[in-house]
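This report refers to the structure that appears directly beneath it.
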Amino acid sequence: MSPGSAVSGPRGMTAINPRKLQIVRFPDPILKRPAKPVEEFGAALAAFAKRMFELMQEAKGVGLAGPQVGQSVRIFVCNPTGEASDAMVCVNPTLTDLSGAEVHEEGCLSIPEVSVQMRRATRVMLQAFDVEGRAFEREGIDLVARIWQHETDHLDGKLITDHMSTADEIANRRALKKLRDAHRKRKPAR
Ligand code: ZN
């Protein structure tokens with residue numbers, strides 16, 4: 001199944017074979033679609049999150065969201081340091097109390113070789129659920145706050161390419177064209 005056609009509702013979680021998941025690349029339309037809340041917690045969701053961690057680590061990333069593996073559901077995994085103790089799964093996350101602002105270069109595992117100067121809050125509060133459905137709240141600062149904002153954007157169908165300045169557009173033109181051409185080859189126009 002091509003990544004873009006893997007539309008899965010919250011009840012579809014048990015039907016997903018985690019081994020078949022792959023990172024979806026720009027401009028796959030699933031990346032632009034707001035994701036649906038997760039309603040089913042437990043073993044299937046845990047297996048899904050575990051596979052997301054594997055894919056994120058293989059790609060040497062610090063965060064990965066559901067739509068990026070072809071599943072339009074509100075979950076992301078992240079690990080800012082690579083230390084096992086810093087790994088985190090966030091289901092149905094919301095961010096509040098955003099404060100501070102910093103512009104920094106940002107990349108995305110779904111948009112390889114592209115980087116965009118992104119203004120982000122430097123301090124946020126995150127409310128989310130773990131894979132068992134237990135609610136938790138955490139404060140994030142600097143890089144962690146930036147990752148949470150980037151991944152939450154993915155769940156709302158927002159990408160770093162939506163925020164490019166003219167300079168970003170020029171710098172990334174070649175890489176974006178390469179991605180668009182590759183996408184066209186994967187999915188011939190009907
Ligand atoms: Zn991303």
Side-chain angles (χ1 to χ4, degrees), residues 2-4 6-8 16 18 21-38 48-82 86-95 98 101-122 124 126 128 138 140-165 167-169 171-180 182-183 186:
S2 73
V7 180
S8 175
I16 298 166
L21 297 174
Q22 280 186 349
I23 294 181
V24 169
R25 287 189 170 184
F26 174 92
D28 193 299
I30 198 166
L31 296 170
K32 300 292 285 176
R33 205 178 294 152
K36 294 192 182 88
V38 170
F48 179 71
K50 185 167 175 272
R51 179 64 183 146
M52 287 179 74
F53 272 117
E54 284 171 10
L55 290 167
M56 181 185 83
Q57 278 153 10
E58 280 166 19
K60 302 190 189 326
V62 290
L64 191 66
Q68 290 185 277
V69 294
Q71 306 298 323
S72 200
V73 285
R74 303 188 77 83
I75 177 173
F76 72 77
V77 300
C78 66
N79 191 335
T81 65
D86 289 325
M88 206 176 156
V89 184
C90 300
V91 182
N92 299 340
T94 48
L95 297 180
L98 284 78
E102 191 181 47
V103 177
H104 201 272
E105 194 176 272
E106 227 169 88
C108 178
L109 293 183
S110 292
I111 322 175
E113 290 171 53
V114 168
S115 66
V116 175
Q117 296 292 325
M118 291 290 295
R119 176 182 294 274
R120 298 286 193 189
T122 53
V124 302
L126 168 94
R138 281 236 214 135
I141 294 169
D142 297 333
L143 176 62
V144 174
R146 181 171 291 273
I147 297 169
W148 291 351
Q149 290 168 84
H150 179 112
E151 301 311 328
T152 307
D153 272 359
H154 271 301
L155 304 183
D156 295 329
K158 293 187 220 158
L159 301 173
I160 55 172
T161 45
D162 300 333
H163 299 271
M164 290 196 293
S165 67
D168 288 324
E169 272 173 24
N172 292 306
R173 185 168 290 159
R174 198 182 293 264
L176 288 170
K177 183 183 182 303
K178 211 166 100 182
L179 285 161
R180 287 198 179 94
H183 180 72
R186 278 196 302 274

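Whatever order the structure lists them in is the order used to number ligands and atoms, beginning at 1.
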> In this structure, are over 12 heavy atoms from other groups packed under 6.0 Å from Glu58 atom CD?
Replying inline: yes

> So which pairs with a foot in residues 67-77 pass salt bridge (Lys or Arg N to Asp or Glu O under 4.0 Å), sequence neighbours left out?
Replying inline: Arg74-Asp156

> Which atoms of the protein, restricted to N, O or S, are nearer than 2.8 Å to the Zn ion (ligand 1)?
Replying inline: Cys108 SG, His150 NE2, His154 NE2

> For Lys178, what residues pass the side-chain hydrogen bond (donor to acceptor under 3.5 Å, both in side chains) criterion, not counting sequence neighbours?
Replying inline: Glu113

>> Going by salt bridge (charged side-chain N to carboxylate O under 4.0 Å, His left out), name the residues that satisfy it together with Arg120, two or more places apart in sequence or in a different chain.
In response: Glu106, Asp153

>> Checking side-chain polar atoms at under 3.5 Å, does Thr122 have a donor or acceptor matched by the opposite partner on Glu102?
In response: no

>> Under 3.5 Å, is there a donor on one side chain and an acceptor on the other for Thr81 and Asp86?
In response: yes

